[in-house]
Amino acid sequence: MKTSARNELKGTISEIKKGQINSEIVLNIGGGTVLKAVITNDSVDDMQLSVGESIYAIIKAPFVMVSKENPGKISTRNVIETKVLEVKNGIVSGELKLAMGDQTLTAVITEDAVEDLGFNVGDKVYALIKANFIILAK
């Protein structure tokens with residue numbers, strides 16, 4: 001599978017919480033890290049998703065927000081403690097490579113945010129990803 005998304009994270013479904021229209025899929029991506037994705041029930045049925053199955057979480061890098069502080073209780077379902085592996089500076093946007101469990105997560109944020117927040121290699125930061133920004137693939 002090839003996509004233009006910078007983040008293709010492999011994981012195992014640990015739980016499916018089915019609602020009236022959507023389902024929350026809980027995905028263990030290793031190293032104690034869990035992602036929660038919200039997709040339609042039709043997609044769950046069409047993909048024939050089941051607990052224990054291996055799938056991919058696809059996340060575009062601009063959908064990953066980054067904070068130097070734990071934001072506490074917020075509506076974003078995924079707040080993941082990470083470590084900065086690399087900082088790439090650009091004119092408009094910067095790119096952060098983040099260690100997340102056994103996998104790497106890429107975030108693209110404005111260069112102003114990179115400078116204002118002073119991200120450095122080795123910093124502990126929090127990746128914030130809304131559950132409905134995650135696409136699941138088999």
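Note that these values count all heavy atoms, side chains included, but never hydrogens, waters or copies made by symmetry.
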Starting from [Y], can I reach [X] by hopping between I/L/V/M/F/W/Y residues whose side chains sit under 4.5 Å apart?
X: Leu35; Y: Ile55; answer: yes
X: Met47; Y: Ile13; answer: yes
X: Ile134; Y: Ile58; answer: no
X: Val34; Y: Met100; answer: no
X: Val26; Y: Ile59; answer: no

Distance-only, no hydrogens or angles: does the [X] side chain make a donor-acceptor pair with backbone N or O of [Y] under 3.5 Å?
X: Asn41; Y: Gly19; result: yes
X: Lys68; Y: Leu117; result: yes
X: Asn78; Y: Thr76; result: no

Considering all heavy atoms of both residues, which atom of [X] and which atom of [Y] are nearest to each other, and what is their separation?
X: Val51; Y: Ser14; result: CG1-O, 3.8 Å
X: Ala113; Y: Ile109; result: CB-CD1, 4.1 Å
X: Ala57; Y: Leu136; result: CA-CD2, 4.1 Å
X: Lys18; Y: Ser23; result: CG-OG, 3.1 Å
X: Val64; Y: Ala127; result: CG1-CB, 4.1 Å

Which residues satisfy the side chain to side chain contact (heavy atoms under 4.5 Å, CB included) test with [X], sequence neighbours excluded?
X: Asp102; answer: none
X: Ser54; answer: Lys10, Thr12
X: Asn89; answer: Val87, Glu111, Val114
X: Gln103; answer: Leu9, Ile29

Would you give the length of the straight line joining atom [atom1] of [X] to atom [atom2] of [Y], rounded to the nearest 0.5 angstrom?
X: Thr33; Y: Ile80; atom1: OG1; atom2: CD1; result: 6.5 Å
X: Leu85; Y: Leu98; atom1: CG; atom2: CG; result: 7.0 Å
X: Asn7; Y: Lys97; atom1: CG; atom2: NZ; result: 8.5 Å
X: Ser43; Y: Asn22; atom1: OG; atom2: CG; result: 9.0 Å
X: Glu86; Y: Leu96; atom1: CD; atom2: CG; result: 9.5 Å

If you count every heavy atom of other residues, nucleotides or ligands that lies below 6.0 Å from Ile135 atom CD1, does the total exceed 12?
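No, not enclosed.
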So does Lys124 have more than 12 non-hydrogen atoms from other groups sitting under 6.0 Å from NZ?
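Counting neighbours around NZ of Lys124, 12 or fewer heavy atoms of other residues, nucleotides or ligands fall under 6.0 Å, so no.
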If you link ILVMFWY side chains whenever their heavy atoms are less than 4.5 Å apart, which other residues fall into the same cluster as Tyr126? By chain and number, please.
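Noted: Tyr126 shares its cluster with Met65, Ile74, Val79, Leu128.
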List, by chain and then residue number, the residues other than Val38 in its hydrophobic cluster (Ile/Leu/Val/Met/Phe/Trp/Tyr, side-chain heavy atoms under 4.5 Å); write none if there are no others.
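Grouped by the 4.5 Å side-chain rule, Val38 forms a cluster of one, so the answer is none.
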For [X], check side chain to side chain donor-acceptor pair (under 3.5 Å) against everything at least two apart and list the hits.
X: Asp112; answer: none
X: Lys60; answer: none
X: Glu53; answer: Lys138
X: Glu8; answer: Thr3

How would you list, by chain and number, every residue that makes a ring-ring contact (aromatic ring centres under 6.0 Å, His included) with Phe119, sequence neighbours excluded?
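ring-ring contact (aromatic ring centres under 6.0 Å, His included) check on Phe119 returns nothing, list empty.
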Is Lys17 paired with Glu24 through a side-chain N to carboxylate O contact shorter than 4.0 Å?
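Lys17 and Glu24: salt-bridged.
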Any side-chain heavy-atom pair of Lys36 and Glu15 under 4.5 Å
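Of all side-chain heavy-atom pairs linking Glu15 with Lys36, none is under 4.5 Å.
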Heavy-atom side-chain contact between Val84 and Asn120 under 4.5 Å:
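They are not in side-chain contact.
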Mind jotting down which residue pairs meet the ring pair (Phe, Tyr, Trp, His ring centres under 6.0 Å) criterion with at least one end in residues 39-98? Sequence neighbours excluded, please.
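Sorted pair list: Phe63-Phe133.
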